[in-house]
Amino acid sequence: MAHKKEALKEGCYGDEVRDHILEFAENGGYEAIPEDERDKWFTRFKFWGLFHQRDGQESYFMMRLTNSSGILEPNQLRAIAEVARDYATGPVENPEFGNGWVDYTTRQSIQLHWLTLEDVPEIWETLEAVGVSSRSAGGDTMRNISGTALHGKVEEYVESGPLLEKFQNELRDDDALANMPRKFNISVTGSKSGCAQDSINDIGFEPARKEIDVSGEAGGSSDESDGGEAVRGFNVRIGGGLGGRQPRAATPLDVFVTPEQAYEVGRGFVELYHDHGGRTNRSKNRARFFAEEWGMEKIRETLQEEYVDFELHRAGEDFREEYTYNAGKPTDAGKHDHVGVYDQKQEGFKYVGLNVPVGRMPAEDAIELADLADEYGSGELRLTRRQNPVVVDVHEDDLEDLLAEPLLSEYQPEPSPFERGAMACTGTEFCSIALTETKARMARMLRWLNENVDLPDDVEKIKMHYSGCTADCGQAMTADIGLQGMRARKNGEMVEAFDIGVGGGIGEEPSFVEWVQQRVPADEAPGAIRNLLEAFAAHRKAGQTFRQWVEATATEQLIEFCEPEETDFEAPYMDDAKQSWYPFAETESAAAATEETAAPSDD
């Protein structure tokens, strides 16, 4: 039997949902939606990027935007920030961030909170006038496509921009494929840094090369090289993803595609999953479980027989050993993020990556950033998978003046190791399945760590990712130090808590964190992290990164090093969310967190 959400989507999903949103907006907004139909319509609204916020925040919505591979063209950030200023304001101020801000996401896009349905038509009009859309930004569909963040601005082994554009314009815009079994993530990496993180996506394209016949013909059933020329293209991986404490690294499909063939193979797998993916158990119908169930051989054969019109090549030589993005390698091995000042391939020009520690920026700051991009660059910005914006096309003669701007002292291109490595999901502030507050707590914790932990001079980053639950939207599974929200009892009271894991990362061989402490009360977690980092500083070998040290250290020792401890860290909002500043209502999901159960992946 199909899951109940399939029935909710039946009859109305995809592009036609927009007309209903506009109708509700014009006839009273939230109150115009019949109470007994709200679950149905909220499920449908997600396709257009509208998510109803958590219980206690009735009538307020989050809007997720979509911009393939993080490109924000001139004037787009300004329009988004003006919408945040004018419409994304709630009934209370966040104690860390005030009211009216943008959240940069881990899929190179932006989301806005505290919107009312009545304002959506004007918001869409403002955003779409500059080419920004919320279509296909949520729900059971193809989400924002991640790609090499600086494609077109840096040298790539294989150019990814044309493929990303084709996926955006021809595949994601195809309404016939709007209703997928679950959300579906596409990634295209053109550079050897691996910054699009192909290994944690439903389908990922990684740079590769292969000797093939110049005519493009494959070399027989084994596809051995026949002495043809070396061709640049992509190897294909499928079935990666996080969430539910069941992460999977994408598996090689043993397929190499030329840039001209890549779209057809990508579309073929989307259609195959659309046609055959499960629609019953939502905790098991992500593409990673589908890939595991079918196996690579069956999927490759089915693609060849039913979805692709040319003979598939076997995989070519990849460059994963050169991946440095969140790979746990020393800094001198290559870029591990996009924070800082770097050369563009255009002679005389630089790009400047700003650091936004938990991905949240007040609207006024975002408007100022758009102004600086106009003044010192081309006006274009790029967003990265680490919740950070990048100013591009800065002439070297203007670089010093840009770096002297006050905004760049707030969002520094040379931040502390903790700020540089921090990411955080939405948390209980808005998310109904989250178990802990995240962004304000992480902001406080970063300041405390800066003041209380000394790292060796050669340690420039500690990747610390915080997810409010096991859905892992904050990608805790791929961090040096991963934090996942839980609940625990302390002094007879239920309090917010963390599970603490270590040793995650992407790179050549993706690894997921090993959990060394569980259900640590929120006021004891900073002490545990300090103790762990002091042990790292004391026991590491010269030049060893945190991930390398974890891999070389016995689990029993790591558990001992990561000893929870009360400190002078002030931990507000920890008492089962009852001291939170935002409107809040108790939900069953919060109570369920006291059991060994996994939250579903983000819908």
Side-chain angles (χ1 to χ4, degrees), residues 51 53-57 60 62 88 90-99 101 103-106 111 113-114 356-362 387 418-419 422-449 464-476 479 481-490 493-500 518-529 564 566-567 569-594 599 602:
F51 292 68
Q53 294 179 181
R54 64 169 307 137
D55 291 348
Q57 300 170 2
Y60 288 106
M62 178 265 281
V92 291
E93 288 197 354
N94 182 294
E96 290 289 331
F97 305 101
N99 218 336
W101 21 258
D103 277 347
Y104 300 112
T105 78
T106 58
Q111 57 192 39
H113 292 277
W114 293 123
V356 182
V358 294
R360 179 165 289 177
M361 180 180 282
Q387 301 179 315
F418 300 115
E419 292 167 328
M423 299 201 306
C425 76
T426 298
T428 50
E429 186 176 10
F430 301 112
C431 178
S432 62
I433 66 173
L435 307 174
T436 62
E437 199 282 324
T438 53
K439 288 189 182 287
R441 175 176 286 129
M442 179 68 104
R444 286 172 175 260
M445 192 156 59
L446 293 174
R447 291 196 295 269
W448 188 87
L449 291 169
M464 188 162 58
H465 305 171
Y466 184 8
S467 290
C469 72
T470 59
D472 204 22
C473 299
Q475 300 183 2
I481 301 176
L483 310 174
Q484 282 193 348
M486 290 289 165
R487 297 289 173 87
R489 287 199 175 275
K490 181 172 181 175
E493 298 290 333
M494 187 67 72
V495 298
E496 296 195 0
F498 303 160
D499 281 359
I500 303 176
Q518 297 191 354
R519 302 187 186 280
V520 178
D523 62 339
E524 300 178 27
I529 294 167
E566 290 186 352
T567 65
F569 176 75
E570 295 183 4
Y573 343 122
M574 71 171 285
D575 294 333
D576 202 22
K578 293 185 177 68
Q579 294 182 3
S580 300
W581 66 92
Y582 49 84
F584 176 88
E586 293 286 356
T587 64
E588 291 184 2
S589 64
T594 61
D602 155 49

Pair F569, R444 - check side chain to side chain contact (heavy atoms under 4.5 Å, CB included), show working. CA-CA 9 Å; F569 176 75; R444 286 172 175 260; 4.1 Å; yes

Can any side-chain N or O of [X] pair as donor or acceptor with the backbone N or O of [Y] at less than 3.5 Å?
{"X": "T428", "Y": "A434", "answer": "no"}
{"X": "Y466", "Y": "E437", "answer": "yes"}
{"X": "R487", "Y": "E496", "answer": "no"}
{"X": "K439", "Y": "T426", "answer": "no"}
{"X": "H465", "Y": "M423", "answer": "no"}
{"X": "E566", "Y": "G527", "answer": "no"}

Do T567 and W448 come close enough that some side-chain heavy atom pair is under 4.5 Å? yes

Just so I know, are the side chains of V520 and M486 near enough to count as touching, which here means a heavy-atom distance under 4.5 Å? no

Assess whether a salt bridge exists between E419 and R447, defined as any Lys/Arg side-chain N lying under 4.0 Å from an Asp/Glu carboxylate O. no

What I want to find out is whether R360 reaches E96 closely enough, with some N-O distance under 4.0 Å, to be called a salt bridge. no

Atom pair [atom1] ([X]) and [atom2] ([Y]), whose distance is rounded to the nearest 0.5 Å:
{"X": "Q111", "Y": "Y104", "atom1": "CD", "atom2": "OH", "answer": "12.5 Å"}
{"X": "L483", "Y": "T436", "atom1": "CG", "atom2": "OG1", "answer": "9.0 Å"}
{"X": "C469", "Y": "L435", "atom1": "SG", "atom2": "CG", "answer": "5.5 Å"}
{"X": "D103", "Y": "Q387", "atom1": "CG", "atom2": "CD", "answer": "8.0 Å"}
{"X": "F498", "Y": "R441", "atom1": "CZ", "atom2": "CZ", "answer": "5.0 Å"}
{"X": "M445", "Y": "M464", "atom1": "CE", "atom2": "CE", "answer": "4.5 Å"}

Run the side chain to side chain contact (heavy atoms under 4.5 Å, CB included) test on F584 and R54 for me, step by step, so that the C-alpha distance in whole Å, both residues' side-chain angles and the decisive distance to 0.1 Å come before the verdict. CA-CA 8 Å; F584 176 88; R54 64 169 307 137; 3.2 Å; yes

Partner of W114 under ring pair (Phe, Tyr, Trp, His ring centres under 6.0 Å), picked from F51, W101, F430, is F430

R519 versus A488, closest heavy-atom pair with distance: O-CB, 3.6 Å

When D499, T438, D472 are each screened for side chain to side chain donor-acceptor pair (under 3.5 Å) with S467, the one that passes is D472

